[in-house]
Protein chains: 2
Amino acid sequence: MTTPKTGSKRNTPQKAAVKHALGEAKGFVSAQQLHQTLKNHGSTIGLATVYRTLADLAVAGEADSLQSKDSEVLYRACTTSHHHHLICRECGLTLEIEAEKLEKWADQVAKERGFSQPSHNIDIFGICAACQ
Amino acid sequence: MTTPKTGSKRNTPQKAAVKHALGEAKGFVSAQQLHQTLKNHGSTIGLATVYRTLADLAVAGEADSLQSKDSEVLYRACTTSHHHHLICRECGLTLEIEAEKLEKWADQVAKERGFSQPSHNIDIFGICAACQ
DNA sequence: GTCTTATTGAGAATGTTTGTCAATAAGCCC
DNA sequence: GGGCTTATTGACAAACATTCTCAATAAGAC
Ligand SMILES: [Zn+2]
Ligand SMILES: [Zn+2]
Ligand SMILES: [Zn+2]
Ligand SMILES: [Zn+2]
């Protein structure tokens, strides 16, 4: 039996471009927005590729994803592992929040009620100082 | 100046049907699901009407809404005012969670960072005892 | 360079949600 | 009860984000 060669990932300029553009963005951005930005910078990247790359980044833990009010998925480059966000409803400015107590509380609540494999969605919104 | 007659709401069998069907549902359901259920019970209600009624209920605070993973909005009948949910990823079973400390913590975090008009999204997911 | 095959991009297809608009019927006054 | 006003309805058509399809391309290995 030979070692299967399937499942390998390839490095392409498109993926690098998406990664870079996501890093430049200030807050959460949608795939459509990122695609526009890339095209404005001269890239000919396809929309589907942006979607695919962002989804991959989210799975790999290199990006955080979030559902906006108008039914679109927003992405943001993230370095640290597990954390939450404080997001400005006006300008999209995003601050990372860490709360060890909160994590424990959420898992605790799930266990108390007999739920296994706990996970949670926690986001805080508001209007940032600059946007008041 | 006469009392304006605009803006009044009318009670229709369709609204009552949606309200009732939402009350019967065990956990969170989508507008499409609810529409199917209603049709299965013999109703000829239109899909748009289900969407409109659910949106109204959510605004009026009579229903809680939530974004599912597959980009659809889920609704649930709710009685008490502000609370959060513990939701089974398998069967949709939903328990209501109250945590006064949590509310204060979220608002506190926002204020500390200079954010006004704080709000938050907090949901806990897991696999319920029956679904293990 | 050659070969294999993951990846790309253009467009079609999907699925949810919203808009349009003529027809209907709630609430109200008589 | 019989009419009037207009909010509401339902069938259908957009609008919208996202996924799928597939021939063409190019990354990585030898
Ligand atoms: Zn701001
Ligand atoms: Zn957490
Ligand atoms: Zn369950
Ligand atoms: Zn709360």
According to salt bridge (charged side-chain N to carboxylate O under 4.0 Å, His left out), does anything in residues 15-28 of chain B pair up with another residue at least two apart or in another chain? List the pairs. K19(B)-E62(B)
Calculate the interatomic distance between Q67(B) atom CD and dG15(C) atom P; express it in whole Å. 18 Å
Can you check whether S30(B) reaches S68(B) side chain to side chain, under 4.5 Å on heavy atoms? no
Please report the shortest heavy-atom distance between E90(B) and I127(B), naming the atom on each side. CG-CD1, 4.0 Å
Spacing between L57(A) atom CG and dT7(C) atom C1', to the nearest angstrom: 15 Å
For DNA chain C, stems built from three or more consecutive Watson-Crick or G-U wobble pairs below 3.5 Å: C:1-30 with D:1-30
Under 3.5 Å side-chain donor-acceptor pair for R89(A) and S119(B): yes
Once side-chain contact (heavy atoms from CB on, under 4.5 Å) is applied, do any residues pair with N121(B), and if so which ones, sequence neighbours excluded? K69(A), F125(A)
What one-letter contact string describes nucleotides 10-22 of chain D from 5' to 3', where B marks a base within less than 4.0 Å of any protein heavy atom, S marks contact via sugar-phosphate atoms alone, and - marks no contact? BB-----SBBBB-
H120(A): which residues meet the ring pair (Phe, Tyr, Trp, His ring centres under 6.0 Å) condition with it, sequence neighbours left out? H82(A), H84(A)
Could you state the CD-P distance from Q36(B) to dT16(C), rounded to the nearest angstrom? 11 Å
In whole Å, I'd like the distance from the NZ atom of K69(A) to the C1' atom of dT16(C). 18 Å
Can you give the donor-acceptor pairs under 3.5 Å from side chains of residues 51-60 of chain A to other protein atoms, not counting sequence neighbours?
| residue | atom | partner | partner atom | Å |
| --- | --- | --- | --- | --- |
| Y51(A) | OH | Q32(A) | NE2 | 3.0 |
| R52(A) | NH2 | T49(A) | OG1 | 3.4 |
| T53(A) | OG1 | T49(A) | O | 2.8 |

Would a 4.5 Å heavy-atom cut-off, applied to side chains only, mark K111(B) and S116(B) as touching? no
Under 4.0 Å from OP1 or OP2 of dA7(D): is there any side-chain N or O of K9(B) that close? no
From the set dA27(D), dA25(C), dT9(D), return the single nucleotide nearest to any side-chain atom of R10(B). dA25(C)
